Structure formats: C-alpha cells, structure tokens
Number of protein chains: 2
Amino acid sequence: MRVLGGKWKGSILWHLKNGPVRFNDLARQLGGASKKMVVQRLREMEEAGLVKRKVVSDRPIAVTYEITEFGQTALSFLEELKNWAEKHQI
Amino acid sequence: MRVLGGKWKGSILWHLKNGPVRFNDLARQLGGASKKMVVQRLREMEEAGLVKRKVVSDRPIAVTYEITEFGQTALSFLEELKNWAEKHQI
DNA sequence: CCGTATCCTATGAGATACTG
DNA sequence: CAGTATCTCATAGGATACGG
C-alpha cells in the first residue's frame with residue numbers, strides 16, 4: 001500500500017504501459033493531477049523501482065518515464081484490482 | 001484504493017479471517033492502532049460491505065465484527081498483494 | 001466494554017506562479 | 001520543457017482523556 005497506494009500511482013503505471021512517455025504528456029493525460037503531484041509520485045515510484053526516468057535530450061530538455069519490469073508486475077496486479085472493483089461495482 | 005487502501009484495512013480483514021472478533025480484541029491485535037482509528041476504519045469497511053458489526057449482548061455490551069463474503073474476496077486479493085510484496089522484498 | 005471527544009502531526013492533494 | 005516554490009485544504013493517523 002505504501003508502494004502502490006494513493007490516487008495516482010495506478011494511473012501513472014497505466015499510462016506508461018505502451019512505452020516511454022514524456023513528462024508533460026503524462027501530466028496532461030492524468031488530467032486533474034497537478035505537475036507537482038505527478039513529479040512527487042514519479043520520484044517515489046522511481047525510488048521503488050517501478051518506473052525509470054530518462055533524460056532524452058538537453059537543450060531543449062526532454063525527459064521520458066518508462067515502466068520497468070518490476071513496474072509491469074505491479075501493473076498486472078493493479079489490473080486485477082480494477083477487475084475486482086468493477087465486478088463488485090465499487 | 002479508496003475501499004482497501006491505507007494502513008489498517010488489510011490488517012483488520014486479516015484478523016477477522018478466522019471468525020468474529022470482539023472490538024477490544026481486534027484493537028489489541030492491531031497493536032499500534034488507536035481505538036479511534038480502528039473504529040473509523042471499521043465504519044468505512046462496514047459501509048463498503050467488507051465487514052459486519054454484530055451486537056452480541058447489551059449490559060455488559062459486547063460487539064463483534066466479522067468478515068462478509070465480499071470482504072473475503074477482498075482478503076484473497078490482499079493476500080496476493082502480500083505475496084507480490086514479499087516476492088519482491090518490499 | 002465499546003466507543004467519543006479533543007488535540008496534535010504528517011502527508012496527499014489541489015491551485016497557481018515562477019525558473020533554468 | 002521539466003520541473004520548483006508557495007499556499008491552502010482535507011484526511012489518515014496518533015495520544016490521551018472521558019462517557020454510557
């Protein structure tokens with residue numbers, strides 16, 4: 001729960017499942033989460049080994065985040081949670 | 001996450017898996033959670049249909065909490081989470 | 001015994017402005 | 001573009017005392 005809990009981590013993993021995503025794209029896709037929240041959660045998830053940050057270019061700076069193999073196992077798990085929640089209509 | 005998240009809900013379900021438990025016993029078994037927290041979480045879990053509160057006797061008052069069938073599906077799920085966490089040492 | 005009441009802290013979350 | 005800084009608010013969580 002410490003690693004996967006909260007409002008945003010699941011959505012972040014979900015949006016990374018098809019490959020690396022740039023920071024601003026990710027923040028936009030999460031509509032509703034401020035950039036502050038996104039970066040805070042990303043730092044924790046990086047620390048936990050769920051995602052990997054990559055600086056793609058300096059000047060203009062470009063950063064992408066991608067899901068790790070470990071993050072993929074967590075995502076599979078969260079999809080089960082989603083199925084459970086939908087099955088029971090909550 | 002809204003239904004199962006946080007520090008205590010998993011442990012509460014875990015401690016109810018072998019049958020009804022009285023409030024004070026439950027609070028003691030959760031060592032570290034104040035009675036206020038326990039009752040707050042129990043109320044939310046009752047609302048969500050995960051547990052059922054039963055007044056076993058008036059004077060002296062005795063109350064037990066037991067896991068519902070729905071709560072059992074959540075518990076199975078949380079045990080998978082526990083396995084996942086242990087497997088990856090987090 | 002089963003809670004409430006009261007007070008406190010920490011943190012997730014949201015809004016908005018700013019910066020290298 | 002990818003963040004920081006600053007502020008506010010709500011809530012989880014904790015400690016302790018009190019009540020029916």
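Per chain, numbering begins at 1; letters A, B, ... match sequence-line order. These numbers come from a predicted model, not from an experiment.
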(message) I'd like the 5' and 3' limits of the part of DNA chain D contacted by chain A, with heavy-atom contacts below 4.0 Å.
(response) D:dC1 to D:dC7
(message) When you measure from the side-chain N and O atoms of B:Arg53 to the phosphate of C:dG3, is any distance below 4.0 Å, counting only OP1 and OP2?
(response) yes
(request) Tell me, please, which residues at least two apart from B:Lys82 pass side chain to side chain contact (heavy atoms under 4.5 Å, CB included). (result) B:Glu86
(message) Classify B:Arg43 by what it touches in the nucleic acid, base, sugar-phosphate, or nothing, heavy-atom distance under 4.0 Å.
(response) sugar-phosphate
For nucleotides 13-15 of chain C, list the nitrogen or oxygen atoms of the protein found under 3.5 Å from its nitrogen or oxygen atoms, one pair per line.
unit_1, atom_1, unit_2, atom_2, d
C:dA13, OP1, A:Lys7, N, 2.5
C:dA13, OP2, A:Arg41, NE, 3.2
C:dA13, N6, A:Lys36, NZ, 3.3
C:dG14, OP1, A:Lys7, NZ, 2.5
C:dG14, OP2, A:Trp8, NE1, 3.0
C:dG14, O6, A:Lys36, NZ, 2.2

(message) Expressed as a whole number of angstroms, how long is the span from B:Lys54:NZ to C:dC2:C1'?
(response) 18 Å
(message) If the condition is side chain to side chain contact (heavy atoms under 4.5 Å, CB included), which residues does B:Lys17 pass it with, not counting sequence neighbours?
(response) B:Trp14, B:Leu75
(message) I'd like to know if A:Asp25 pairs up with A:Arg22 as an ion pair, taking the criterion as any Lys NZ or Arg NE/NH1/NH2 lying under 4.0 Å from an Asp or Glu carboxylate oxygen.
(response) no
(request) Output every pair passing ring-ring contact (aromatic ring centres under 6.0 Å, His included) with a member in residues 24-44 of chain B, not counting sequence neighbours, ordered by first then second residue. (result) none
(message) What contact category does A:Arg2 fall into here, base, sugar-phosphate, or nothing, at under 4.0 angstrom with non-hydrogen atoms?
(response) nothing
(request) For residues A:Asn24 and A:Lys35, determine if any side-chain heavy atom of one lies less than 4.5 Å from a side-chain heavy atom of the other. (result) yes
(request) Among residues two or more places apart or on two chains, list those pairs meeting ring-ring contact (aromatic ring centres under 6.0 Å, His included) that have a residue in residues 32-58 of chain A. (result) none
(request) Specify the residues of residues 9-29 of chain B, ordered by number, for which at least one heavy atom lies under 4.0 angstrom from an atom of DNA chain D. (result) none
(message) Please enumerate all residues that pass side-chain hydrogen bond (donor to acceptor under 3.5 Å, both in side chains) together with A:Gln29, with sequence neighbours excluded.
(response) A:His15
(message) Tell me which pairs pass ring-ring contact (aromatic ring centres under 6.0 Å, His included) where either residue lies in residues 38-63 of chain A, with sequence neighbours left out.
(response) none
(message) Which residue in the set B:Ile12, B:Leu16, B:Leu50 passes side chain to side chain contact (heavy atoms under 4.5 Å, CB included) when paired with B:Ile67?
(response) B:Leu16
(message) Between the side chains of B:Glu66 and B:Arg53, is the shortest nitrogen-to-carboxylate-oxygen separation below 4.0 Å, so that they form an ion pair?
(response) no
For nucleotides 18-20 of chain C, list the nitrogen or oxygen atoms of the protein found under 3.5 Å from its nitrogen or oxygen atoms, one pair per line.
none

(request) Could you note down all residue pairs passing ring-ring contact (aromatic ring centres under 6.0 Å, His included) where residues 50-70 of chain A supplies at least one of them, sequence neighbours left out? (result) A:Phe70-B:Trp84, A:Phe70-B:His88
(message) Please enumerate all residues that pass side-chain hydrogen bond (donor to acceptor under 3.5 Å, both in side chains) together with B:Glu46, with sequence neighbours excluded.
(response) none
(request) Write down the distance between CG (A:Leu42) and C1' (C:dG12), rounded to a whole number of angstrom. (result) 15 Å
(message) Rounded at 0.5 Å granularity, tell me how far CG in A:Leu13 sits from CD in A:Gln72.
(response) 8.5 Å
